[in-house]
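Structure, as structure tokens:
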Amino acid sequence: MEESRVYLRKVATGQLVEASLLDEVIDKHLAMWNASWQTAMQAHCAGRALRDQPEDHHWNWTQKADFWRPLLGYHSFAITCEGDLQGLMLVSDVESARVQTQFGKPIVYVKFLASAPWNRPEFQTPQRYRGVGTVMVTAAVELSWDLGYRGRIGLHSLPRAETFYRDTCKMTELGKDAAHQNLTYYETTNTQAEEFRLKH
């Protein structure tokens with residue numbers, strides 16, 4: 001497991017805070033998720049209508065780990081900062097591009113990406129940190145480069161995250177995918193990946 005130094009912005013002060021990006025989700029991270037992250041999510045969702053709950057409220061990262069760990073082609077990432085788990089991501093490297101200019105070429109596909117509840121404005125104001133999503137997308141792009149995929153990544157976005165992938169990450173929107181719960185599919189071309197790396 002490799003650890004990289006990254007930075008998140010503490011919203012209350014506006015300061016950048018040093019964080020750690022780990023290229024493997026281990027049992028310690030899952031224990032942190034269960035002890036604090038899942039507890040905060042359950043408390044937030046209690047008594048709320050389904051439409052008012054976070055779209056990823058049902059994601060169980062321990063179960064997901066049980067699924068991906070025996071399989072080849074999967075990569076997991078965790079972000080920790082000031083003693084807490086701030087983000088989790090699971091990607092695979094066996095998918096193919098859909099954008100016409102790179103159709104059929106290998107990509108890193110982001111299967112799941114989530115920031116801790118306290119980093120979301122709907123949970124608390126101000127939220128604790130900003131930048132988790134950007135760090136994770138950067139990690140996916142860098143993995144793509146390391147694999148020789150030239151930064152190409154793709155993902156299906158939950159509806160409330162679409163503006164992040166479209167406007168912040170500048171990914172190409174390819175429409176809703178009936179074969180994937182009608183979620184909108186986004187992809188990064190070689191050029192978009194290079195531009196994203198320069199900015200982040």
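Throughout, residue positions are numbered sequentially from 1 according to the sequence presented. Keep in mind that what you see is a predicted model, and the values were worked out from it rather than measured.
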| query | About how many Å separate CG of Leu30 and NZ of Lys64, when rounded to the nearest 0.5 Å? | reply | 12.0 Å
| Are Val91 and Met171 connected in a single hydrophobic cluster, I mean Ile/Leu/Val/Met/Phe/Trp/Tyr linked by side-chain heavy atoms less than 4.5 Å apart? | yes
| field | Gap separating the NZ atom of Lys28 from the CG atom of Leu85, nearest 0.5 angstrom | value | 10.0 Å
| Sub-4.5 Å side-chain heavy-atom contact between Trp118 and Gln127 | no
| said: Nearest 0.5 Å, please: how far is CD in Glu2 from CG in Asp23? | reply: 5.0 Å
| note | Sorted by chain and residue number, the salt bridge (charged side-chain N to carboxylate O under 4.0 Å, His left out) partners of Asp146 (sequence neighbours excluded) come out as none
| Closest non-hydrogen atom pair between Cys81 and Val17, with its separation | SG-CG1, 3.6 Å
| Name the one of Leu155, Leu88, Val137 that satisfies side-chain contact (heavy atoms from CB on, under 4.5 Å) with Leu113? | Val137
| remark: Distance col, row Thr39:OG1 vs Trp33:CH2, nearest 0.5 angstrom, shows 9.0 Å
| field | Shared-cluster residues of Val94, by chain and number - hydrophobic side chains joined below 4.5 Å | value | none
| message | For a quick test of reading the model, state the closest non-hydrogen atom pair linking Arg128 to Asn119 and the distance between them. | response | CB-OD1, 3.5 Å
| Any side-chain heavy-atom pair of Glu162 and Asp167 under 4.5 Å | no
| query | So, for Ala114 and Trp61, which heavy atoms are closest and what is the spacing to 0.1 Å? | reply | CB-CZ2, 4.2 Å
| message | Met136 vs Leu21, test: side-chain contact (heavy atoms from CB on, under 4.5 Å). Steps then yes/no. | response | CA-CA 9 Å; Met136 287 300 199; Leu21 172 68; 4.2 Å; yes
| message | Looking at Glu95 and Gly154, would you say the former's side chain and the latter's main chain have a donor-acceptor pair under 3.5 Å? | response | no
| query | Who are the ring pair (Phe, Tyr, Trp, His ring centres under 6.0 Å) partners of His44, not counting sequence neighbours? | reply | Phe123
| field | Where at least one partner belongs to residues 131-142, residue pairs that pass side chain to side chain donor-acceptor pair (under 3.5 Å), sequence neighbours excluded | value | Glu142-Arg197
| said: Quick check: closest heavy atoms across Gly151 and Ala193, and the distance to 0.1 Å? | reply: O-CB, 3.3 Å
| query | Salt-bridged, Glu82 to Lys10, with N to O below 4.0 Å? | reply | yes
| Can you list every pair that meets salt bridge (Lys or Arg N to Asp or Glu O under 4.0 Å) and has a residue in residues 96-124, with sequence neighbours left out? | Asp56-Arg120, Arg98-Asp177
| message | Apply side-chain contact (heavy atoms from CB on, under 4.5 Å) to residues Glu24 and His29 and explain how you reach the verdict. | response | CA-CA 9 Å; Glu24 181 184 359; His29 302 135; over 6 Å; no
| query | Mind checking whether Glu194 and Leu198 have side chains closer than 4.5 Å, heavy atoms only? | reply | no
| Are Ser92 and Val110 side-chain neighbours, meaning at least one heavy-atom pair lies under 4.5 Å? | no
| task | Scan for side chain to side chain donor-acceptor pair (under 3.5 Å) pairs involving residues 66-77, sequence neighbours excluded, and state none if there are none. | result | Asp27-Arg69, His75-Asp93
| field | With sequence neighbours excluded, residues passing ring pair (Phe, Tyr, Trp, His ring centres under 6.0 Å) with Phe112 | value | Trp59
| In chain order, what residues pass the ring pair (Phe, Tyr, Trp, His ring centres under 6.0 Å) check against Phe103, with sequence neighbours excluded? | none
| For the side chain of Gln102 and the backbone of Ala97, is there at least one donor-acceptor N/O pair under 3.5 Å apart? | no
| query | Taking a hydrophobic cluster as the set of Ile, Leu, Val, Met, Phe, Trp and Tyr residues connected by side-chain heavy atoms closer than 4.5 Å, whether directly or through intermediates, do Val132 and Leu90 fall within one such cluster? | reply | no
| query | Hey, is the main chain of Arg152 close enough, under 3.5 Å, to the side chain of Ser144 for a donor-acceptor pair? | reply | yes
| query | Just by modelled atom types, is the Phe196 backbone N or O under 3.5 Å from a matching donor or acceptor in the Lys199 side chain? | reply | no
| task | Check the pair Tyr165 / Glu173 against side-chain contact (heavy atoms from CB on, under 4.5 Å), numbers first and verdict last. | result | CA-CA 9 Å; Tyr165 295 117; Glu173 181 179 338; over 6 Å; no
| note | Sequence neighbours excluded, the answer for ring pair (Phe, Tyr, Trp, His ring centres under 6.0 Å) partners of His58 is none
| remark: The remaining residues in the hydrophobic cluster of Leu22, counting side-chain heavy-atom contacts under 4.5 Å among Ile, Leu, Val, Met, Phe, Trp and Tyr, are Met1, Ile26
| Is a side-chain N or O of Gln53 found less than 3.5 angstrom from the main chain of Arg48, in a donor-acceptor match? | yes
| query | Hey, what do you get for CZ (Arg166) to OG1 (Thr184), rounding to the nearest 0.5 Å? | reply | 8.5 Å
| Reported CZ-to-OG1 distance for the pair Arg150 and Thr189, which is rounded to 0.5 angstrom | 9.5 Å
| Linking Ile, Leu, Val, Met, Phe, Trp and Tyr through side-chain heavy atoms less than 4.5 Å apart, which residues share a cluster with Tyr109? | Val99, Ile107, Leu174, Tyr185
| request: Taking the side chain as every heavy atom from C-beta outward, state whether Leu147 and Pro106 have any pair of such atoms under 4.5 Å apart. | output: no
| Would a hydrophobic clustering, with Ile, Leu, Val, Met, Phe, Trp and Tyr connected at side-chain separations under 4.5 Å, put Leu8 with Val25? | no
| query | Under the ring pair (Phe, Tyr, Trp, His ring centres under 6.0 Å) rule, what pairs show up with a residue in residues 129-154, not counting sequence neighbours? | reply | none
| Closest heavy-atom contact between Pro159 and Glu55? | CD-OE2, 3.1 Å
| said: With clusters defined by side-chain heavy atoms of hydrophobic residues (ILVMFWY) lying less than 4.5 Å apart, directly or transitively, does Ile153 cluster with Val6? | reply: yes
| said: Given Thr172, which partner from the list Gln192, Gln100, Glu187 fulfils the side-chain hydrogen bond (donor to acceptor under 3.5 Å, both in side chains) test? | reply: Gln192
